[in-house]
S.K.: 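Pasting a structure below so you can have a look.
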Amino acid sequence: MGVNPASVLNRLLRNNTRKPTTQPTNANSTINRILTHLNAGRLRKAVSILFGFPEPFPYSLYARLFQLCSSNLAIVEARKVESHLVTFSPAPPIFLLNRAIEAYGKCGYLNDARELFEEMPQRDGGSWNAMITAYAQGGCPEKALLLFFQMNSSGVYANEITFASALGSCAAILALFLSRQIHGLIVKYGFYGNVILGSSLVDVYGKCWVMSDARRMFDEIQNPNAVSWNVIVRRYLEMGDEKEAVIMFFKIIGENTTPLNFTFSNALIACSSISALNEGIQIHGVAVRIGFEEDEVVSNSLIDMYVKCGKLESAHRIFDQLGSKNVISWTSIVSGYAMSGRTGEARKLFDEMPEKSVISWNAMLAGYTRFFQWEEALDFIFLMRKTSKDIDHVSLGLILNVCAGLSDVEMGKQVHGFIYRHGFYSNLLVGNALLDMYGKCGSLRSARVWFYQMSHWRDSVSWNALLTSYARHGLSEQAMTIFWEMQWETIPTCANIFALEQGKQIHGFMTRKGYEIDTVVRGALVDMYAKCRCLEYALRAFKQAASRDVILWNSMILGCCHSGRGREVLELFGLMEEERVKPDHVTFQGILLACICEGLDELGRQYFNSMSNDYCIIPRLEHYECMIELYSRYGHLDKLEDFIKRMPFEPTVPMLTRIFDACREHGHLRLGEWTAERLNESNPSIPFRFEIMDRVKLDKL
DNA sequence: ATAGGGTTAG
């Protein structure tokens with residue numbers, strides 16, 4: 001690499017005089033050196049000579065540098081580039097600062113991005129988009145949405161990029177209501193035909209379990225692309241509608257679109273889970289026809305499909321023809337032999353594997369346990385512990401099955417200890433396997449103790465495990481008692497149908513028998529008594545709790561709301577904060593309801609604002625409704641008007657109806673007419689006409 | 001200038 005003599009001279013001169021800015025500098029030579037570094041992929045080197053030139057560079061160079069910092073995740077360099085930019089350009093253009101925000105965001109330094117965003121003297125739509133996208137892609141969907149709201153209320157118009165990030169954030173937190181509002185805005189702003197937004201909507205609706213809406217949205221996309229198709233297939237698969245997933249896959253082939261490799265694997269997974277071998281074979285044919293058989297993802301998915309459909313020979317044939325086999329191909333084939341009882345052949349293949357993962361180990365072990373080969377399983381576990389550091393919840397579940405199969409409670413206890421030390425105890429699969437192990441080993445006491453410790457996360461499998469182990473040991477009476485205890489779980493039902501008497505009976509029976517009440521049951525009791533308007537009983541059950549989580553607090557708070565005891569709610573909230581329990585959106589709904597009971601509009605407003613400002617909780621539909629009710633009921637119509645117009649989404653029809661009534665009742669012409677107009681827009685067949693009630697009209701005159 | 005889906009094996 002030749003050294004530019006001019007630049008060397010320059011550097012010497014600068015070092016000698018110590019007054020660099022007064023010296024003539026050769027901009028072009030510095031830029032050329034930087035560009036040479038960049039073209040050779042030496043970003044760090046390029047950035048290191050930046051400050052040797054103490055004057056602004058052309059904007060295009062900064063732009064290129066930021067872009068490279070983004071793609072290389074180079075945070076240090078990004079900071080240096082920004083520093084140079086703002087040091088030597090008194091008023092850097094907004095678009096360059098936006099690119100700096102993007103770079104910080106891509107590197108995962110959201111605080112840097114936010115700081116720059118806040119400090120910018122001027123912002124354009126791109127600045128908001130860059131910041132929102134940074135949050136959305138940086139794992140902070142709530143923050144992205146909060147910023148999206150602020151953008152809307154500060155009068156900056158959202159564009160398709162903003163909407164894409166907002167929808168992505170909605171999908172991450174399954175915010176269905178918000179998605180619908182944003183959908184409305186997309187239509188309103190004229191971005192209706194955008195494929196990316198269309199696909200994002202399909203995605204959100206599907207993730208929120210409203211497949212009918214997802215499908216309707218998909219059908220509305222004029223030219224769905226490969227991603228759109230992938231989304232719809234995947235959503236059907238995850239919803240458990242495998243048949244529709246496969247049908248959609250074959251529809252792609254009729255279109256002029258090439259499916260993505262992941263779409264192949266999604267369709268093949270669908271075939272496996274419904275044992276649709278013929279369809280799987282057809283998909284195999286498609287893959288061959290369009291030259292996807294070489295694709296790693298597609299071929300592995302094909303192997304697995306054949307394995308799961310019981311066609312080991314077909315699977316093996318693909319496996320043998322494979323140019324490059326990876327862990328996944330190997331594991332699939334091993335699993336195929338192991339799970340069909342051919343553990344000897346599976347083991348031979350397993351031992352040949354050039355590389356193994358936890359999943360490979362688990363696949364082999366699962367074969368031994370499924371066919372009750374306990375001795376082989378035990379040896380295998382020792383080998384596994386010796387050779388591999390990896391272990392996960394599936395391994396632990398299988399190991400516990402082996403302990404159970406060998407009736408080795410001592411080994412089981414050791415595994416229990418391991419589970420405790422490594423933080424696996426809150427995993428339901430592991431928890432139930434532990435329960436099953438104690439049951440099968442005849443340690444019913446241990447089973448019982450563990451069962452109570454699982455209170456927060458036990459499910460019907462846990463109950464069944466406990467019941468069958470008692471029954472298996474001929475302890476039918478105790479089994480019956482457990483069955484009785486299951487009645488606890490019917491307490492919530494009593495609450496929902498206001499069956500106070502039945503609820504009390506169960507509570508009384510269990511207390512007399514001396515059964516322990518855990519947090520879950522306690523919450524149900526509080527809820528039941530509160531819903532049945534027995535607030536004293538509810539409070540008593542609440543106070544007796546050894547510890548209280550947010551759910552228990554919410555039960556009590558909403559219970560008070562139910563009986564119109566707003567003051568108590570606010571007191572409870574104070575106590576909750578003292579106990580350092582973090583409130584959630586349900587808590588705030590209770591607080592706002594309390595403010596409605598008590599007519600505390602100013603306090604309500606403060607709590608509403610502090611939700612997002614202090615607690616990072618995005619207000620939901622119900623919170624907005626509470627605020628509207630609060631202002632409407634007590635006639636604060638100017639505040640109501642201000643609130644409505646600042647909402648980040650259009651008011652719903654029930655909201656508008658409530659406001660309309662309030663305006664009539666309290667005589668607010670401007671807001672009343674505004675509301676009537678909107679109501680008529682949404683349903684022109686029944687025109688609303690705003691007239692202030694006669695009495696009020698007279699007062700005003 | 002900035003935007004969407006998906007990571008196949010137990």
Side-chain angles (χ1 to χ4, degrees), chain A residues 59-60 62-64 66-67 70 93-103 105-106 124-134 136-137 158-169 171 191 194-204 206-207 221 224-235 237-238 259-269 272 295-305 307-308 315 325-336 338-339 353 356-367 369-370 390 392-398 429:
Chain A
Y59 294 151
S60 58
Y62 289 113
R64 173 125 189 254
F66 280 130
Q67 202 177 2
S70 295
I94 300 179
F95 89 92
L96 274 183
L97 294 179
N98 295 349
R99 298 199 120 186
I101 294 177
E102 280 155 30
K106 283 263 159 49
D124 62 7
S127 324
W128 289 89
N129 286 345
M131 196 59 232
I132 291 173
T133 306
Q137 296 183 346
N159 67 7
E160 56 264 63
I161 288 144
T162 330
F163 286 128
S165 292
L167 285 175
S169 306
F191 296 121
N194 185 303
V195 198
I196 292 181
L197 294 181
S199 312
S200 305
L201 283 166
V202 175
D203 187 51
V204 196
K207 280 182 179 155
I221 302 177
N225 61 22
V227 174
S228 326
W229 284 104
N230 189 48
V231 173
I232 192 82
V233 170
R234 178 79 196 178
R235 294 281 80 86
L237 175 66
E238 281 182 359
L260 300 171
N261 57 357
F262 289 120
T263 316
F264 271 94
S265 76
N266 288 327
L268 288 166
I269 294 169
S272 312
D295 185 278
E296 203 175 71
V297 174
V298 174
S299 52
N300 285 342
S301 302
L302 279 168
I303 293 176
D304 200 56
M305 183 275 296
V307 159
K308 297 245 169 73
K325 309 172 186 17
N326 63 14
V327 212
I328 297 175
S329 353
W330 277 97
T331 306
S332 279
I333 206 82
V334 166
S335 164
M339 296 308 267
M353 284 179 77
K356 301 173 180 89
S357 72
V358 215
I359 301 177
S360 329
W361 286 93
N362 292 346
M364 191 60 235
L365 185 55
T369 54
R370 172 181 268 203
D390 267 347
D392 69 0
H393 63 281
V394 179
S395 328
L396 288 167
L398 290 166
L429 186 132

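The structure displayed is predicted, hence computed values, not measured ones.
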S.K.: To the side chain of A:Q137, which of B:dT8, B:dG4, B:dT2 is closest?
M.R.: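 Out of B:dT8, B:dG4, B:dT2, the nucleotide with an atom closest to A:Q137's side chain is B:dG4.
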
S.K.: Just by modelled atom types, is the A:N326 backbone N or O under 3.5 Å from a matching donor or acceptor in the A:S329 side chain?
M.R.: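 Present.
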
S.K.: Taking the side chain as C-beta and beyond, is there a heavy-atom pair between A:N159 and A:F191 under 4.5 Å?
M.R.: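 A:N159 reaches A:F191 side chain to side chain.
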
S.K.: Specify the separation, in whole Å, of atom CH2 of A:W128 and atom P of B:dA3.
M.R.: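 Checked: the CH2 to P distance equals 18 Å.
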
S.K.: Which listed nucleotide (B:dT8, B:dA1, B:dT2) is nearest to the side chain of A:R99?
M.R.: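 Ranking B:dT8, B:dA1, B:dT2 by closest atom to the A:R99 side chain puts B:dA1 first.
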
S.K.: When the distance from CG of A:D295 to P of B:dT7 is rounded to whole Å, what number comes out?
M.R.: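 Rounding to the nearest Å, CG of A:D295 and P of B:dT7 are 14 Å apart.
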
S.K.: Let's test your reading of the model: under 3.5 Å, does the base of B:dG4 pair with the side chain of A:N225 as donor and acceptor?
M.R.: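 Under the 3.5 Å cut-off, the side chain and the base do form a donor-acceptor pair.
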
S.K.: Using atom types as modelled, flag every donor-acceptor pair under 3.5 Å from a side chain in residues 224-232 of chain A to any protein atom, sequence neighbours excluded.
M.R.:
{"unit_1": "A:N225", "atom_1": "OD1", "unit_2": "A:V227", "atom_2": "N", "d": "3.1"}
{"unit_1": "A:N225", "atom_1": "OD1", "unit_2": "A:S228", "atom_2": "N", "d": "3.0"}
{"unit_1": "A:N225", "atom_1": "OD1", "unit_2": "A:S228", "atom_2": "OG", "d": "2.8"}
{"unit_1": "A:S228", "atom_1": "OG", "unit_2": "A:S199", "atom_2": "OG", "d": "3.0"}
{"unit_1": "A:S228", "atom_1": "OG", "unit_2": "A:N225", "atom_2": "N", "d": "3.0"}
{"unit_1": "A:S228", "atom_1": "OG", "unit_2": "A:N225", "atom_2": "O", "d": "3.4"}
{"unit_1": "A:N230", "atom_1": "OD1", "unit_2": "A:T263", "atom_2": "N", "d": "3.4"}
{"unit_1": "A:N230", "atom_1": "OD1", "unit_2": "A:T263", "atom_2": "OG1", "d": "2.8"}
{"unit_1": "A:N230", "atom_1": "OD1", "unit_2": "A:N266", "atom_2": "ND2", "d": "3.3"}

S.K.: Between the side-chain atoms of A:T331 and the base atoms of B:dA9, is any donor-acceptor pair under 3.5 Å?
M.R.: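 Under the 3.5 Å cut-off, the side chain and the base do form a donor-acceptor pair.
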
S.K.: Whole-Å distance between B:dA1 C1' and A:M131 CE?
M.R.: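 It is 17 Å, rounded to the nearest whole Å.
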
S.K.: Suppose we call a contact any N or O donor and acceptor under 3.5 Å apart; does that hold for the side chain of A:S199 and the base of B:dG4?
M.R.: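 Indeed there is one.
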
S.K.: Closest approach to the side chain of A:V327, judged atom by atom: which nucleotide of B:dT2, B:dG4, B:dA9 is it?
M.R.: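 Closest nucleotide among those given: B:dA9.
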
S.K.: Whole-Å distance between B:dT8 P and A:N230 CG?
M.R.: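 Rounding to the nearest Å, CG of A:N230 and P of B:dT8 are 13 Å apart.
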
S.K.: Mind checking side-chain contact (heavy atoms from CB on, under 4.5 Å) for A:S165 and listing every partner two or more places apart, or none if nothing turns up?
M.R.: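 With sequence neighbours excluded, A:S165 shows a side-chain contact (heavy atoms from CB on, under 4.5 Å) to A:I132, A:T133, A:A136, given in chain and number order.
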
S.K.: Pick base, sugar-phosphate or nothing for A:N266, based on heavy-atom distances below 4.0 Å to the nucleic acid.
M.R.: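 Touches nothing.
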
S.K.: Of the nucleotides B:dG6, B:dA9, B:dT2, which has the atom closest to the A:S357 side chain?
M.R.: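 Within the option list, the nearest is B:dA9.
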
S.K.: Please report the distance, rounded to the nearest Å, between CD in A:E238 and C1' in B:dT7.
M.R.: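 Distance check: A:E238 CD to B:dT7 C1' gives 12 Å.
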
S.K.: Among the nucleotides B:dA9, B:dT8, B:dT2, which one has an atom lying closest to any side-chain atom of A:S332?
M.R.: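 Closest nucleotide among those given: B:dA9.
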
S.K.: Side chains of A:F66 and A:E102: closer than 4.5 Å at any heavy-atom pair?
M.R.: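 The answer is no; the side chains never approach within 4.5 Å.
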
S.K.: How close or far is atom C1' of B:dT2 from atom CD1 of A:I94, stated in whole angstroms?
M.R.: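 Interatomic distance, CD1 of A:I94 to C1' of B:dT2: 15 Å.
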
S.K.: Could you check whether any side-chain heavy atom of A:S301 comes within less than 4.5 Å of a side-chain heavy atom of A:V298, counting everything from C-beta outward?
M.R.: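 No, their side chains stay 4.5 Å or more apart.
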
S.K.: Considering residues at least two apart in sequence or located in another chain, which fulfil the side chain to side chain donor-acceptor pair (under 3.5 Å) criterion with A:S169?
M.R.: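 By the side chain to side chain donor-acceptor pair (under 3.5 Å) rule, A:S169 matches no residue at all.
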
S.K.: Would you classify A:V231 as touching base, sugar-phosphate or nothing, given that sugar-phosphate means primed atoms plus P, OP1 and OP2, and contacts are heavy atoms under 4.0 Å?
M.R.: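 Answer is sugar-phosphate: A:V231 comes under 4.0 Å of backbone atoms only.
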
S.K.: Over all strands shown, is A:S228 touching base, sugar-phosphate only, or nothing at heavy-atom distances under 4.0 angstrom?
M.R.: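 The answer is base, as A:S228 lies within the cut-off (heavy atoms under 4.0 Å) of a base atom.
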
S.K.: Nearest to the side chain of A:I196, which nucleotide is it out of B:dT2, B:dG6, B:dA3?
M.R.: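 Closest nucleotide to the A:I196 side chain: B:dA3.
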
S.K.: Ignoring the backbone of A:V297, work out which of B:dT7, B:dT8, B:dG4 is nearest its side chain.
M.R.: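 Side chain of A:V297 sits closest to B:dT8.
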
S.K.: When we call it a touch if two heavy atoms are under 4.0 Å apart, what does A:N300 touch: a base, just sugar-phosphate, or nothing?
M.R.: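 It contacts base atoms.
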
S.K.: At 4.0 Å (heavy atoms only), tell me whether A:K308 reaches a base, stays on the sugar-phosphate, or touches nothing.
M.R.: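 Sugar-phosphate: the residue A:K308, judged by heavy atoms under 4.0 Å, touches backbone atoms but no base.
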
S.K.: How close or far is atom C1' of B:dA1 from atom CG of A:N159, stated in whole angstroms?
M.R.: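 A:N159 atom CG is separated from B:dA1 atom C1' by 12 Å.
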
S.K.: Would you mind reading off the distance between A:L197 atom CG and B:dT2 atom P, rounded to a whole angstrom?
M.R.: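 Atom-to-atom, A:L197 to B:dT2, this comes out as 16 Å.
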
S.K.: Who are the side chain to side chain donor-acceptor pair (under 3.5 Å) partners of A:K308, not counting sequence neighbours?
M.R.: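 Scan of A:K308 (side chain to side chain donor-acceptor pair (under 3.5 Å), adjacent residues dropped) gives A:D304.
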
S.K.: Where the side chain of A:I359 is defined as all heavy atoms beyond and including C-beta, which of B:dG4, B:dA3, B:dA9 is the nearest nucleotide?
M.R.: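 The answer is B:dA9.
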
S.K.: I need the residues from residues 161-168 of chain A with at least one non-hydrogen atom less than 4.0 Å from DNA chain B; give them sorted by number, or say none.
M.R.: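 Residues of residues 161-168 of chain A under 4.0 Å from DNA chain B: A:I161, A:A164.
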
S.K.: NA contact type, A:A130, heavy-atom cut-off 4.0 Å: base, sugar-phosphate, or nothing?
M.R.: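 No contact at all - A:A130 keeps every heavy atom at 4.0 Å or more from the nucleic acid.
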
S.K.: Hey, does A:R235 reach any base, or is it just sugar-phosphate, or nothing, if we go heavy atoms under 4.0 Å?
M.R.: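 Sugar-phosphate contact only - A:R235 comes under 4.0 Å of backbone atoms but never of a base.
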
S.K.: Answer with base, sugar-phosphate or nothing: what part of the nucleic acid does A:D304 contact at a heavy-atom distance below 4.0 Å?
M.R.: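 A:D304: backbone/sugar contact only, no base atoms under 4.0 Å.
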
S.K.: Quick one: side chain to side chain donor-acceptor pair (under 3.5 Å) partners of A:Q67, sequence neighbours excluded?
M.R.: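 Partners of A:Q67 under the side chain to side chain donor-acceptor pair (under 3.5 Å) test: none.
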
